[in-house]
Amino acid sequence: MDSAEFHSAVYHIVRQIPQQHVATYGNIARLVGMPHHARHVGQALKFLSPDVNPPVPWHRVLSSSGAISSRGPGTDGAARQAQELEAEGIEVIQTRSGELKVDLQRWGWNPEPGSIDINWS
DNA sequence: ATGATGACTTAAG
DNA sequence: TCTTAAGCCATCA
C-alpha cells in the first residue's frame with residue numbers, strides 16, 4: 001500500500017464515522033490496517049481539500065486523549081474543529097490548561113474490526 | 001545519507 | 001490531570 005492508497009483508505013474510514021461520534025487517529029490507523037501510522041492519519045487529513053466529494057468529516061478525528069490536536073501556536077485549526085463539532089451537537093469542554101477536548105466515553109466510535117467496510121476503491 | 005518534523009500513542013511517576 | 005520519555009514512520013531540508 002503506497003501513500004495515495006493510504007490516504008484513500010483513511011478518507012474512506014473517516015467517512016464512516018457516524019454523526020455525533022468521534023474516532024481517534026490511532027483507531028483510524030488500526031482500522032486501515034496500519035496500527036503504527038497514527039501520525040500519518042493526521043497528515044492525510046491535512047492534505048484534504050474543503051471541496052472533496054463526498055465530504056470527509058475530518059473534524060470527527062481526535063487524539064487518543066480526546067483532545068483536539070493543536071496545529072501549533074498561532075493557528076486556529078483546533079478552534080475551527082471545536083466549532084464544527086459543536087455545530088453537530090457534540091459537547092466540547094475546555095481543560096484548565098486551555099485544551100479543547102471531547103469525552104470519548106460518551107462520543108467515541110468503537111466499531112468491531114470486522115463490522116465496517118474496508119474496501120475503498 | 002542524515003537529521004528534524006509532525007492534526008500520534010502508551011506507559012510511568 | 002500533567003509531564004516526561006520512548007517508540008513510531010513517512011516526508012522534507
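Just the heavy atoms: all of them, side chains too, but no hydrogens, waters or symmetry mates, feed the values below. Every chain is numbered from 1, with letters handed out A, B, ... down the list of sequences.
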request  = Could you tell me whether a side-chain N or O of A:E99 sits under 3.5 Å from a main-chain N or O of A:S70, the two making a donor and an acceptor?
outcome  = no

query = Any side-chain N or O of A:S70 less than 4.0 Å from the OP1 or OP2 oxygen of B:dA7?
reply = no

ask   = Are any side-chain N or O atoms of A:E86 and backbone N or O atoms of A:Q83, one a donor and one an acceptor, separated by less than 3.5 Å?
value = no

request  = May I ask you to say what A:H40 touches in the nucleic acid, namely base, sugar-phosphate or nothing, with a heavy-atom cut-off under 4.0 Å?
outcome  = base

query = For the pair made of CZ in A:F47 and P in C:dA10, what is the distance, rounded to whole Å?
reply = 14 Å

request  = Using the P atom as the reference point in each nucleotide, state the distance between B:dA7 and C:dG7 in Å, no decimals.
outcome  = 22 Å

request  = Could you please name the option among B:dA7, B:dT10, C:dC9 that lies closest to any side-chain atom of A:H36?
outcome  = C:dC9

inquiry  = Counting the atoms with a prime plus P, OP1 and OP2 as sugar-phosphate, which does A:T95 contact under 4.0 Å by heavy atoms, base, sugar-phosphate, or nothing?
reply    = sugar-phosphate

query = Rounded to whole angstroms, how far apart are CG on A:D2 and P on C:dA10?
reply = 12 Å

message = Under 4.0 Å, counting only non-hydrogen atoms across every strand here, what does A:G26 touch: a base, just sugar-phosphate, or nothing?
response = sugar-phosphate

query = With respect to the phosphate group of B:dA7, does any side-chain polar atom (N or O) of A:S69 fall under 4.0 Å of OP1 or OP2?
reply = no

query = Donor-acceptor pair, A:H40 side chain versus A:S3 backbone, under 3.5 Å?
reply = no

ask   = Side chain of A:R39: nearest nucleotide among C:dC8, B:dT10, B:dA7?
value = C:dC8

query = Does a nitrogen or oxygen in the side chain of A:S97 sit under 4.0 Å from OP1 or OP2 of C:dT1?
reply = no

message = Please determine whether a side-chain nitrogen or oxygen atom of A:Q43 lies at a distance below 4.0 Å from atom OP1 or OP2 of B:dA7.
response = yes

request  = Between B:dT5 and C:dC8, how far apart are the C1' atoms? Round to whole Å, please.
outcome  = 13 Å

query = Judged by atom type as modelled, is there a donor-acceptor pair below 3.5 Å linking the side chain of A:Q20 to the main-chain atoms of A:E88?
reply = yes

Distance below 4.0 Å between A:S65 side-chain N/O and B:dT9 OP1 or OP2 = no

